[in-house]
Amino acid sequence: MDYAIAALKTASIFLVVISIVPVLIWLERKGAAYIQDRRGPNRAAILGVRLGGLINSLNDVVKLLFKEDIIPANVNKPLFILAPMIAFFVATITLAVIPFADPIQLGSTKLLLQVADLDAGLLYVFAVSSLGVYGVMLAGWAANNKYSLLGGLRSAAQMVSYEVSLGLAVVGIFLMAGSLKLTDIVAYQGSNLFHWNILLQPVAFFIFLTALFAETNRLPFDLPEGESELVAGFHVEYSSMKFALFFMAEYAHIIVGSCIITTLFFGGWHIPFVPVDLIRMNAELVAQGLWIGFAIFSILGGGLLVRRFKKGKYGDLRDYEPLVIGAPGILIGFALLGLFAIFAQDWEFLPWGKNIFIATLQAGVFLAKVLFFCFFFIWVRWTLPRFRYDQLMRLGWKVMLPLALINILVTGWVVLQS
Amino acid sequence: MMEPIFFYGFGGLAVVTALLMVTRVNPIASAVWLVVCFFAFAALFITLEAHFIGVIQVLLYAGAIMVLFIFVIMLLNIGAEELKARTMQFSGLLGGLVTIYLIVLITLGLLKNPVRFFEPLTEGYGYVAPVGRLLFTKYLVPFELTSVLLLVAIVGSVVMGKRKL
């Protein structure tokens, strides 16, 4: 039974990541477009419905699945095939220790909303993410191409350098929380915003964030794939789904990184200034508020869309898109209000229902924070230029490493004093 | 019930990958099999409740040291042909003899003393806090000596690598 639950949790986390990735790709394209003052993807459509460019991601998936899978001559075939798998595998299994919400109490059993509450917690995250470099390195070497080899070497040097600061930055958090378990670190921060690690450990946060950008190979540290020098770096020779795996691994890394930042520095699933007990006591009120809020949001959003309907704007099916999405929105909103008027007089949560409701709420808050940081990654990518290689190494070894060490020293002193 | 399966599974994996590591001609393939071997070792440690050692095994050996190994192999670009001539030389013969001697020694030792079972350790013995406590109390001096040794190695490599500082 335990193994079945663990397998189910693993599968569901994997599905969550897989389904967030296309949304992130859409967000990246739209974000890039608006930062560069253009409209971004808005052409692909199914019967005139474009969903603001989301259909483009669907097109991408279909294209990548059906493209010819080329394995060039003179590559090391086993490693060439293995490398993208390593990259994606490593990116997703890191999520195993992230707590998404409080444990749910179902009768006598306690359902943890994380796959494994390891004692070594965060060390596991570092251990697994340190394996991520193999995907990039082996891809670069196996492809038998000088550009990709250079990309692989760069990424190996970069990731090993920044792993040091990444690990040392969070030692201060261990000292304060007194544990490596992510659940303990979340519980230590609590729901008081002024007790979150972002305010207690700001230096650690900035070091961690910077090192994380280097670890995910994103701009401003995307030297392994620097287009102007290395064509596409370590994945020059890859096509079809093998390329897609690298692509997905990059976004999975962003999601994982955002999850870790949220857990370590932003109170995990805690809602700022709203303690869990307060929600537990007023669960019915919160549920009703959310219900009405969602109904009103649905009506207003639908109304806004319907108002944008103008016949003859494009002269084809696309004209009707605001109506097709907006009108059901309004209807659903009114239906929810009606249901609320009929049923919401006098009711209470069942004990297990209440627990599930609170856990869902917490998971929602967690996901909202994670999505914000995913957006932050995209924001930075389209704002900052790329570092030069010597600047990258100097920043890693001569600035961030000493800063992290000083941070540990100061934190240790403060912890000893109190 | 599942622990023995995991233990023997990962133990077998460790043995097989170690053999593959020794027998591969291509140095990169060797290194990759060694990484898998370290991974299997870490899994063995974890089935033995030594979580800390297991995770550190992956973090340091698989994640850092082997990365540098592969890095160097890639930079030097040693092909399979260059290594082939040297495989059947005196050093290989000597290594084989030493290995056989070691195996004989272990077998004799096992035959001489009957196998006895150790007392089971307490729950959570290999977790982070107990290991850390041991390192900073009972084994403080060896721990500090090791760190001095590492420091010497770092300073030495810097001096060797950069003649003019």
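Letters go in sequence order (proteins before strands), and every chain restarts at 1.
In terms of heavy atoms, Val58(B) sits closest to Ala127(A) at CG1-O, 3.7 Å. Between Met74(B) and Met137(A), the shortest heavy-atom distance links the atoms CE-O, 3.2 Å.
The OG atom of Ser130(A) sits 11.0 Å away from the CD1 atom of Ile65(B) when rounded to the nearest 0.5 Å. With values rounded to the nearest 0.5 angstrom, Leu180(A) atom CG is found 8.0 Å from Phe52(B) atom CZ.
For Ile46(B), no part sits under 4.5 Å from any heavy atom of chain A, backbone or side chain. Heavy-atom distances place the side chain of Tyr134(A), and not its backbone, under 4.5 Å from chain B. For Leu123(A), the parts lying under 4.5 angstrom from a heavy atom of chain B are both the backbone and the side chain. Both the backbone and the side chain of Ala157(A) come within contact range of chain B, each with at least one heavy atom under 4.5 Å from a heavy atom of that chain. With a 4.5 Å cut-off on non-hydrogen atoms, Leu79(A) touches chain B through its side chain but not through its backbone.
With chain B as partner, the option from Leu82(A), Val160(A), Val133(A), Leu153(A) having the largest number of non-hydrogen pairs under 4.5 angstrom is Leu153(A). Of all the listed residues (Leu60(B), Ile28(B), Val35(B), Val55(B)), the one sharing the greatest number of non-hydrogen pairs under 4.5 Å with chain A is Ile28(B). Of the listed residues Leu68(B), Ile70(B), Ile56(B), the one with more heavy-atom pairs under 4.5 angstrom with chain A than any other is Ile70(B).
Other residues, nucleotides and ligands contribute over 12 non-hydrogen atoms within 6.0 Å of the CZ atom of Phe88(A). Atom OH of Tyr147(A) has 12 or fewer heavy atoms from other residues, nucleotides or ligands within 6.0 Å. By the neighbour-count criterion of 12 heavy atoms within 6.0 Å, atom CZ of Phe69(B) is sparsely surrounded, having that number or fewer from other residues, nucleotides or ligands. Dense packing is recorded around CG of Asp390(A), with more than 12 heavy atoms of other residues, nucleotides or ligands lying under 6.0 Å away. Applying the 6.0 Å contact sphere to CZ of Phe213(A) captures more than 12 heavy atoms from other residues, nucleotides or ligands. Tyr188(A) OH: more than 12 foreign heavy atoms inside a 6.0 Å radius. Atom OH of Tyr127(B) is surrounded by more than 12 heavy atoms from other residues, nucleotides or ligands within 6.0 Å. Heavy-atom neighbours of Tyr389(A) OH from other residues, nucleotides or ligands within 6.0 Å: above the threshold of 12.
Looking only at side-chain heavy atoms (C-beta outward), Asn76(A) and Asn26(B) come within less than 4.5 Å of each other. The shortest distance between side-chain heavy atoms of Trp141(A) and Ile73(B) does not fall below 4.5 Å.
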